[in-house]
Amino acid sequence: MKDIMIRTMTLEDLDHYLDLRETVASEARLIGAEAPIDRAGDRDKTVARYVTAEDGCMFVAIFGDRLVGASGVNVHQGIADLGMNIAPEWRGRGIGSALIEASIDWARAQAAHKISLQVWPHNDTAIALYEKYGFVREGYLRRHWRRRNGELWDAVIMGLLLDQALADGGA
Ligand SMILES: CC(C)(COP(=O)(O)OP(=O)(O)OC[C@H]1O[C@@H](n2cnc3c(N)ncnc32)[C@H](O)[C@@H]1OP(=O)(O)O)[C@@H](O)C(=O)NCCC(=O)NCCS
């Protein structure tokens, strides 16, 4: 993590973020998005969900002038969703951990009671990262997401309770 800066995303980062998203989508088996991404649509959604919205935030990992990772978190009715992308050559160096820690802290500061996400069952690396931070498997969606090639893929639902008392309906 030496020389890597974690900060919130700005409008100036958008093109670099979309490049990263395109790269990871091109790997075809890790995130929901498929390449080629809808760049204009993704730009608008990213700004609306994570830059201008008060209930959303994106953290980026910067090395020099390169954006090498990003995590987006958005809170709705106290439930935060989370998505993460690290550039392939930068994985396994602690960047995902730094980004998830920033995202969990941010969600907690918004008084979210929970973080919820979906992950492909074959994405062992992401599942290991989430479990390391206390996420548990809460459900399994069978033949749920239609891919562009027509296949239907399963998804694992994972959740992290941020405040057990709040989650139980307490004060
Ligand atoms: C999943 C991802 C975000 C992890 O980021 P990362 O920077 O590689 O993660 P870190 O280096 O901080 O490692 C964190 C933990 O992830 C797990 N992990 C990392 N690399 C792993 C590997 N090759 N195999 C298994 N687990 C691995 C470990 O639990 C690790 O903790 P440890 O170092 O204490 O063992 C990254 O691989 C990525 O962007 N993948 C492609 C996109 C993606 O899958 N996004 C999530 C979609 S739900």
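Atoms within each ligand, like the ligands themselves, are counted from 1 in listed order. Atoms considered below: every heavy atom in the structure, side chains included; atoms not considered: hydrogens, waters and symmetry mates. Numbering of residues begins at 1 and proceeds along the displayed sequence.
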Residues Trp145 and Gln118: side-chain donor-acceptor under 3.5 angstrom: yes
Exercise: do Asn74 and Tyr50 side chains pair donor with acceptor under 3.5 Å: no
Side-chain donor-acceptor pairs of residues 77-89 under 3.5 Å, sequence neighbours excluded:
unit_1	atom_1	unit_2	atom_2	d
Asp81	OD1	Arg49	NH2	3.1
Asp81	OD2	Arg49	NH2	2.8
Glu89	OE2	Arg66	NH2	2.9

Under 4.0 Å from ligand 1, counting heavy atoms only: the protein residues, by chain and number: Val24, Leu30, Ile31, Met84, Asn85, Ile86, Arg91, Gly92, Arg93, Gly94, Ile95, Gly96, Ser97, Gln118, Val119, Asn123, Thr125, Ala126, Ala128, Leu129, Tyr130, Lys132
Any His113 side-chain heavy atom under 4.5 Å of Leu162 side chain: no
Centroid separation Trp153 to His122 less than 6.0 Å: yes
Closest heavy-atom pair and its distance - Trp120, Gly32: CZ2-CA, 3.9 Å
